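Numbered from 1 within each chain, the chains take letters A, B, ... in sequence-line order. This structure is a prediction, so every number in the text was calculated from the model and none was measured.
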2 protein chains.
Amino acid sequence: MKKVERMSSETAREYALRAITENIKSADLEPGQAISENEISAFLGVSRTPVRESIQELHKAALIEIYPQRGSYVSLINSQYVEEAVFLRKILDIAVIEEACDMATPEDIKQLEENVALQEFYLEKDNTEKIFELDNEFHRMIYVTAKKETIHNMRQMIMIHFDRVRTLSMLTVKDKKIVGDHRLMLEAIKEKDKEKAKEIVEKHLNRYRLDQEELIKTFPQYFETA
Amino acid sequence: MKKVERMSSETAREYALRAITENIKSADLEPGQAISENEISAFLGVSRTPVRESIQELHKAALIEIYPQRGSYVSLINSQYVEEAVFLRKILDIAVIEEACDMATPEDIKQLEENVALQEFYLEKDNTEKIFELDNEFHRMIYVTAKKETIHNMRQMIMIHFDRVRTLSMLTVKDKKIVGDHRLMLEAIKEKDKEKAKEIVEKHLNRYRLDQEELIKTFPQYFETA
DNA sequence: AGATTTCAACTTGTATACAAGTTATTAAAT
DNA sequence: ATTTAATAACTTGTATACAAGTTGAAATCT
């Protein structure tokens with residue numbers, strides 16, 4: 001488990017949840033690894049209560065398995081969950097960008113425009129980290145434009161299953177292609193062209209297609225045996 | 001708050017979550033109502049810990065608002081949430097039944113067939129409660145057939161927002177129409193006819209369309225003022 | 001009477017003690 | 001040496017004590 005700095009603004013519970021979630025995403029808490037409420041609370045410097053509540057929440061999201069009186073474990077990667085995450089992201093992103101085409105106000109478009117311009121700026125500078133942040137923000141803005149913020153929160157939660165597989169696969173997509181896709185999505189929204197928007201989103205998501213078979217061979221101990 | 005019987009098989013935490021959730025769905029815990037961890041734990045006969053964990057979970061689902069050191073309240077009905085729930089249900093149900101058309105095995109179809117036959121049986125008997133149970137099970141079976149069980153769990157959570165509005169509106173759809181729709185969905189799956197399946201699902205969901213304007217006039221205190 | 005202060009009664013947040021059950025080690029018996 | 005039994009060290013589940021903050025009523029002062 002890697003150290004995560006506690007921010008002054010957050011409660012013990014928020015800190016614990018964030019720290020554990022990040023460790024699962026990054027696989028510093030490995031799939032299948034045993035975790036102990038006591039150990040984690042000692043490591044984070046908070047009591048068992050906030051740690052326990054965070055673990056319950058991650059259990060609810062199927063990221064931690066709890067065996068009462070026996071122990072808790074980081075969930076093994078379940079191929080079905082990963083596939084459901086990919087499936088869900090696709091149908092949500094398409095449906096939402098179509099809504100965004102109908103609903104985008106000039107103000108929404110201005111903000112999206114600004115975001116993409118920044119992405120293009122940092123592309124020149126080769127600043128992958130900034131692009132990563134702007135990427136997340138860009139997709140969130142589309143959900144907000146379509147008045148689907150709650151659904152976006154849900155999307156985030158289920159995407160953790162995909163994120164940790166992506167971490168293992170070290171899958172990276174060329175920033176240039178990503179930023180280019182975003183520019184095209186913005187254009188489609190401006191033109192209110194749903195069909196075009198849908199096509200680009202599909203193409204965009206296909207860039208993140210990964211070979212699970214390959215990954216299972218490399219990290220067999222991380223995957224649930226069907 | 002109405003009494004919910006504790007089952008011998010469930011933990012204190014499971015009992016508390018189920019009891020509070022049911023009370024919110026049925027509006028026995030009214031939107032806007034103040035709730036206290038102490039009061040609820042006394043009423044349910046469990047300690048604050050499991051009650052608190054349940055409240056945290058419902059807070060995460062936007063059904064309870066927590067103001068630290070001040071109090072917690074059943075969330076007012078937020079029209080945007082309700083609309084997001086309706087939106088989500090529609091795109092999910094359509095995408096999933098299309099998948100089910102591709103993936104249904106003879107065994108899946110046999111089970112769906114049995115379920116619908118039972119619905120038709122209880123329709124004759126005028127047993128609305130049984131039909132309600134079978135209805136829920138029918139939709140879950142379609143998700144399972146499409147290997148989308150995780151997504152179904154998520155659907156349940158967000159649908160609570162819609163359920164409690166439906167409770168207030170006393171919206172009831174004639175059992176005969178519901179069962180008829182289910183028979184048609186089953187046929188579409190058997191025929192692997194995605195287009196037909198989609199059309200029926202859309203028609204089916206439209207039966208539950210409700211007039212929020214009307215409801216806001218009747219229960220203004222239950223709704224969040226935009 | 002009206003404004004101000006004090007304080008008691010609440011709230012949730014966190015820490016901790018104990019309950020109940022599992023597991024692995026150790027010791028004893030065969 | 002092997003099996004069995006006892007036990008110590010863990011686990012999560014639950015209850016409770018206390019910390020920190022809010023609120024409103026009662027008491028006090030002007």
What is the separation between atom [atom1] on [X] and atom [atom2] on [N], rounded to the nearest whole Å?
X       : N      : atom1 : atom2 : value
B:Arg52 : D:dT16 : CZ    : P     : 17 Å
B:Ile35 : C:dT11 : CD1   : C1'   : 12 Å
A:Gln69 : C:dA24 : CD    : P     : 16 Å
A:Asn38 : C:dA15 : CG    : P     : 13 Å
B:Glu37 : C:dA9  : CD    : P     : 21 Å
B:Glu10 : D:dG13 : CD    : P     : 15 Å
B:His59 : C:dT12 : NE2   : C1'   : 12 Å
A:Tyr67 : D:dG13 : OH    : P     : 13 Å

Would you indicate which nucleotide in C:dT22, C:dT12, D:dT12 comes nearest to any side-chain atom of A:Arg70?
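Selected nucleotide: C:dT22.
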Using a cut-off of less than 4.0 Å, is there contact between a side-chain N or O of [X] and OP1 or OP2 of [N]?
X       : N      : answer
B:Ser47 : D:dT14 : no
A:Ser72 : D:dT12 : yes
B:Thr49 : D:dT14 : no
A:Ser36 : D:dT11 : yes

Do you know the tightest heavy-atom contact between A:Ala146 and A:Ala100?
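Answer, listing the atom of A:Ala146 first, then A:Ala100: CB-N, 3.9 Å.
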Remember a base hit wins even if backbone is also touched, and classify [X] as base, sugar-phosphate or nothing at under 4.0 Å, heavy atoms.
X       : answer
A:Arg48 : base
A:Ile55 : nothing
A:Ser41 : nothing

Going through the checks in order, is the salt bridge (charged side-chain N to carboxylate O under 4.0 Å, His left out) test met by B:Glu84 and A:Lys148?
CA-CA 6 Å; B:Glu84 286 193 53; A:Lys148 299 290 178 291; over 6 Å; no
Pairwise distance CG(A:Leu88) to CZ(B:Arg155) - rounded to 0.5 angstrom:
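Going from CG on A:Leu88 over to CZ on B:Arg155, the span is 13.0 Å.
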Would you confirm whether the ring centroid of A:His182 sits within less than 6.0 angstrom of the ring centroid of A:His139?
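Yes; A:His182 has its ring centre under 6.0 Å from that of A:His139.
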Are B:Tyr81 and B:Phe162 close enough that their ring centers fall under 6.0 Å?
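Aromatic pair excluded; centres sit 6.0 Å or further apart.
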Upstream residue (5' side of DNA chain C) when A:Glu53 and A:Pro68 are each assigned their closest nucleotide:
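Its nearest nucleotide being more 5', the pick is A:Glu53.
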